[in-house]
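Comments concern the structure below.
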Amino acid sequence: TVETTDHPGGYRGALEDFYEEAAARLAVHLDAGRDVVVLAEGDPMFYGSYMHLHKRLAHRYPTVVVPGVTSVSASAAALGAPLVEGEEVLQVLPGTLPPEELSARLALGGPAAVMKLGRTFDSVRSALEASGRLGEAFYVERASTDAQRIERLADVDAGSVPYFSMAVLPSSQHGPLPVSSGVRGEGSVVVVGLGPAGRDW
């Protein structure tokens with residue numbers, strides 16, 4: 001997302017060539033009757049690199065996609081705040097949008113997640129400020145890893161922001177956020193979500 005290239009098609013062209021070559025390498029193994037497993041961080045069909053291989057291979061070979069935990073879901077879990085509730089509508093926005101468009105979308109209100117921060121952090125912060133929503137925004141970095149970091153977005157130093165981070169504006173109904181991980185209470189609650197089920201579960 002930040003490299004330069006002398007590819008005639010620019011960065012996008014270089015990526016397209018890379019995915020074509022990667023798909024061809026996997027096809028050699030698939031044609032030989034082997035099973036191939038592609039591991040993906042997050043969910044493979046949610047802003048994931050795997051989807052570019054899927055588009056090139058799934059119509060030619062039997063394919064099973066195992067859903068993962070999206071970075072948005074992992075960030076809400078790390079924050080300990082409901083992302084959407086009741087009739088709320090969640091906006092998932094790439095930080096690479098032009099600041100004016102990002103600000104206009106954020107000004108609509110409601111829960112939102114802005115992905116792909118890194119070098120876009122300053123413009124995302126400006127869009128949050130322009131939309132009047134900077135005070136609602138939390139910063140979540142490398143959610144669900146040992147290097148996870150959570151702060152109020154307004155307090156974050158732009159020079160410390162990696163690509164794998166996002167701005168989260170949770171449900172307006174989230175109430176008080178949980179105590180920090182450094183404070184121990186009397187007990188704990190562990191919630192394991194196993195996916196779609198009926199009301200009885």
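For this chain, numbers begin at 1 and follow the sequence in order.
- Sorted by first and then second residue, the ring pair (Phe, Tyr, Trp, His ring centres under 6.0 Å) pairs involving residues 14-46 (not counting sequence neighbours) are Y19-H52.
- Closest non-hydrogen pair, G68 versus D43, comes out as N-OD2, 2.9 Å.
- A heavy-atom distance below 4.5 Å is not found between the side chains of R12 and H7.
- How far CZ of F164 is from OG1 of T145: 10.5 Å, rounded to the nearest 0.5 Å.
- When every heavy atom of S75 is checked against every heavy atom of V140, the shortest pair comes out as OG-CG1, 3.7 Å.
- A22 and L53 get closest at one heavy-atom pair: CB-CD2, 3.8 Å.
- Rounding to the nearest 0.5 Å gives a distance of 9.0 Å between OH of Y163 and CZ of R119.
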Quiz: residues 102-118 side-chain donor-acceptor pairs under 3.5 angstrom, not counting sequence neighbours:
from, atom 1, to, atom 2, distance (Å)
R105, NE, E101, OE2, 3.1
R105, NH2, E101, OE2, 3.1

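- The side chain to side chain donor-acceptor pair (under 3.5 Å) analysis of residues 62-71, with sequence neighbours excluded, yields the pairs T70-S73.
- Within the 4.5 Å cutoff, the side chain of P44 has no heavy atoms near those of the M51 side chain.
- Looking only at side-chain heavy atoms (C-beta outward), M166 and V168 come within less than 4.5 Å of each other.
- Around CD of E88, the count of heavy atoms belonging to other residues, nucleotides or ligands within 6.0 Å exceeds 12.
- Every residue two or more places apart in sequence or in another chain was checked for a side chain to side chain contact (heavy atoms under 4.5 Å, CB included) with A24, and none qualifies.
- Counting only heavy atoms from C-beta outward, the side chains of P170 and L79 approach each other to under 4.5 Å.
- Taking the salt bridge (charged side-chain N to carboxylate O under 4.0 Å, His left out) definition, one finds that R142 meets it with nothing, sequence neighbours left out.
- In terms of hydrophobic clustering, with Ile, Leu, Val, Met, Phe, Trp and Tyr side chains grouped at heavy-atom distances under 4.5 Å, F138 and L128 are assigned to different clusters.
- Partners of E16 according to the salt bridge (charged side-chain N to carboxylate O under 4.0 Å, His left out) rule, which considers only residues two or more places apart in sequence or in another chain, are R56.
- Listed by first and then second residue, the salt bridge (charged side-chain N to carboxylate O under 4.0 Å, His left out) pairs involving residues 124-136 are R125-E129, R133-E136 (not counting sequence neighbours).
- Hydrophobic clustering of Ile, Leu, Val, Met, Phe, Trp and Tyr side chains at less than 4.5 Å, counting indirect connections, unites L134 with V161.
- Considering only residues two or more places apart in sequence or on other chains, E100 meets the salt bridge (charged side-chain N to carboxylate O under 4.0 Å, His left out) condition with none of them.
- For S165 and R149, the side-chain atoms include no donor-acceptor pair closer than 3.5 Å.
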Would V65 and Y50 satisfy side-chain contact (heavy atoms from CB on, under 4.5 Å), going step by step from the backbone distance to the final call?
CA-CA 10 Å; V65 178; Y50 165 74; 4.1 Å; yes
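- Partners of D122 according to the side chain to side chain donor-acceptor pair (under 3.5 Å) rule, which considers only residues two or more places apart in sequence or in another chain, do not exist here.
- Cluster membership for L90 and Y139, using ILVMFWY side-chain heavy atoms within less than 4.5 angstrom, is not shared.
- Sequence neighbours left out, not one pair with a member in residues 29-39 passes salt bridge (charged side-chain N to carboxylate O under 4.0 Å, His left out).
- Checked against salt bridge (charged side-chain N to carboxylate O under 4.0 Å, His left out), R60 has no partners two or more places apart in sequence or in another chain.
- Grouping the Ile, Leu, Val, Met, Phe, Trp and Tyr side chains by contacts below 4.5 angstrom, directly or via other members, places L15 with V38.
- A single hydrophobic cluster is seen to contain both V92 and V84, as judged by linkage of ILVMFWY side chains at heavy-atom distances under 4.5 Å, directly or through other members.
- If you take OG on S160 and CZ on F121, they are separated by 7.5 Å, rounding to the nearest 0.5 Å.
- Residues near V89 contribute nothing to a hydrophobic cluster around it, because no ILVMFWY side-chain heavy atom sits closer than 4.5 Å to its side chain.
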